[in-house]
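A short worksheet on the structure shown next.
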Amino acid sequence: MLYKRSSELFAEASKVIPGGVNSPVRAFKAVGGTPIFVKEAKGAYLYDEDGNRLIDYIASWGPMILGHAYDPVTNAVIEKAKKGTSFGMPTEIETKIAELAVSMVPNIDKIRFVNSGTEACMSAVRLARGYTGKEKIIKFSGCYHGHSDAFLIQAGSGAVTFGSPNSPGVTQGTAKDTLLAPYNNLDAVKTLFEANKGEVAAIILEPVAGNMGCVLPKEGFLEGLRALCDANGTLLIFDEVMTGFRLAKGGAQEVFGVAADIVTFGKVIGGGLPVGAFAAREEIMKFLAPEGPVYQAGTLSGNPLAMAAGLAMLTELNNNPEVFTSLEKKTAYLHKGLDSVLKDSGIEYTISRFGSMLSVFFAKEPVVDFETSAAANNDTFKKYFHGMLKEGVYLPPSSFESYFLNDALTYEDLDFTIAALKKVVPTLK
Ligand SMILES: *Cc1c(COP(=O)(O)O)cnc(C)c1O
């Protein structure tokens, strides 16, 4: 495959956009080479600027769960655009999508729409702090909740129980209010509670992690967090920006049967337009301005185009819940196929999957947290990524990202992908 035009476009972009991209993972830093510029996409396929067709396994990092340029969503946006694209005043469609979301997701009475997952998580934490009157939060290493200051924190060293900034520009003052624990480690969370008695406003986590590759919660982990939150007057925030409307209508809460106090959304809920949202039961949501004292706002929040795309997407999923089973079956099929190719290859690997999320790690040990994910062999991953790309399969360009399957993928596409891995395997050693 030739990437001449993409390389030229990347060079031009790099002159006027930092690193040539508007979000870092797109730049291929983790795998080397230059990123591919998309011209258009339809269904399960991306068409790049050089005329290559790629089978897409990232689905815009999740939103395109029914495939690209899905007609009901596209048409809803086109029709809405003709009637004005932003008013800064209430519109009926905001209520429609809110009613639908509240009916699909357990344990929520009200929902506030924002423009990104970052905003949703940032606002959820402010709301939790406002509601509980406490300041600290617990997050897990390797979970991503957007790029707001409170989340760009890494584990502190030695005896220090609070975090330190992992990006310049984040202050020590902010870092000291974010406590870090390893994913799947309830004991570490218990220790944090003991050391910070009465101070923890919320635990926030990805109920199935997708930002250290796909990592599953161990049996009892989510239930254990729920119990610790209840015992300590702390709110449990499920960041369902990836899992919401992907694992099931009601997301991870429904699948695991564990209730969160606040849930955040993004990605699928916007149908490919910039949308995020956070939701909770009435007694918590009433703390939010203008009803309550916790401030949160947005000029373009509830934007008509974004709401039209989101409403069309949620309506499709609500009316066709068999999509979730279909996706799960396809992902399990892919899992089995990739596994059967790698099994006899002599290459160390482990595959994680939950629903329509999947990751291949070139790791010896099972991947259960950030440490075990980071221990995977990145040189093998790079070869794997570029090998598959050459065959026409677009995988996440970082081992810390999950695949997101879309329902436009056919079994022929999956077989093609498995066959591609067969060709690539000899180059991995
Ligand atoms: C993508 C993501 C976010 C951030 O959403 P943006 O829309 O990129 O700001 C937050 N949490 C999780 C779990 C995500 O996957």
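In what follows, residues are counted from 1 in the order of the sequence shown. When a ligand or atom number is given, it counts from 1 through the structure's own listing order.
A heavy-atom separation below 4.0 Å is not found between His147 and ligand 1.
Heavy-atom contacts from other residues, nucleotides or ligands closer than 6.0 Å to CD of Glu291 number more than 12.
Residue contacts with ligand 1 for Thr264 are absent, since no atom lies close enough (heavy atoms, distance under 4.0 Å). Under 4.0 angstrom from ligand 1, the non-hydrogen atoms of Lys267 all belong to its side chain. Counting heavy atoms under 4.0 Å from ligand 1, residue Val241 touches it through the side chain alone.
Of all the listed residues (Phe404, Phe238, Phe151, Tyr144), Tyr144 holds the heavy atom that lies closest to atom 12 (C) of ligand 1.
Close contacts between ligand 1 and Ser116 involve ligand atoms 7 (O), 9 (O) [criterion: under 4.0 Å to a heavy atom]. Listed by number with element, the atoms of ligand 1 under 4.0 Å from a non-hydrogen atom of His145 are 10 (C), 11 (N). Interface of Gly117 with ligand 1, defined as ligand atoms under 4.0 Å from a residue heavy atom, comprises 4 (C), 5 (O), 6 (P), 7 (O), 9 (O). Applying the 4.0 Å criterion to heavy atoms of Glu206 picks out, from ligand 1, the atoms 13 (C). Here is the list of ligand 1 atoms found below 4.0 Å of a heavy atom in Asn211: 12 (C), 13 (C), 14 (C), 15 (O). When each atom of ligand 1 is checked for a heavy atom of Asp239 under 4.0 Å away, the hits are 10 (C), 11 (N), 12 (C), 13 (C). Which parts of ligand 1 touch Met242 is read off a 4.0 Å heavy-atom cut-off, strictly below it: atoms 15 (O).
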Point to revise | side-chain hydrogen bond (donor to acceptor under 3.5 Å, both in side chains) evaluation trace for Gln296 with Arg112 | key: CA-CA 9 Å; Gln296 190 279 323; Arg112 168 69 56 88; 2.8 Å; yes
Point to revise | Stepwise side-chain hydrogen bond (donor to acceptor under 3.5 Å, both in side chains) test for Glu206 and Tyr183 | key: CA-CA 9 Å; Glu206 297 174 62; Tyr183 199 75; over 6 Å; no
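Lys330 contributes a side-chain N or O that, together with a main-chain N or O of Leu409, makes up a donor-acceptor pair within less than 3.5 Å. Without hydrogens or angle criteria, Arg353 side chain to Ser359 main chain gives no donor-acceptor distance under 3.5 Å.
Protein heavy atom at the shortest distance from atom 9 (O) of ligand 1 is Thr118 OG1, 2.6 Å.
Using a 3.5 Å distance cut-off with no hydrogens or angles, the side chains of Thr410 and Asp413 do pair a donor with an acceptor.
Heavy-atom minimum distance, Ser352 versus Phe361: OG-CE1, 3.5 Å. When every heavy atom of Phe87 is checked against every heavy atom of Pro304, the shortest pair comes out as CE1-CG, 3.7 Å.
Under the 4.0 Å criterion applied to side-chain N and carboxylate O atoms, Lys190 and Asp187 are assigned as salt-bridge partners.
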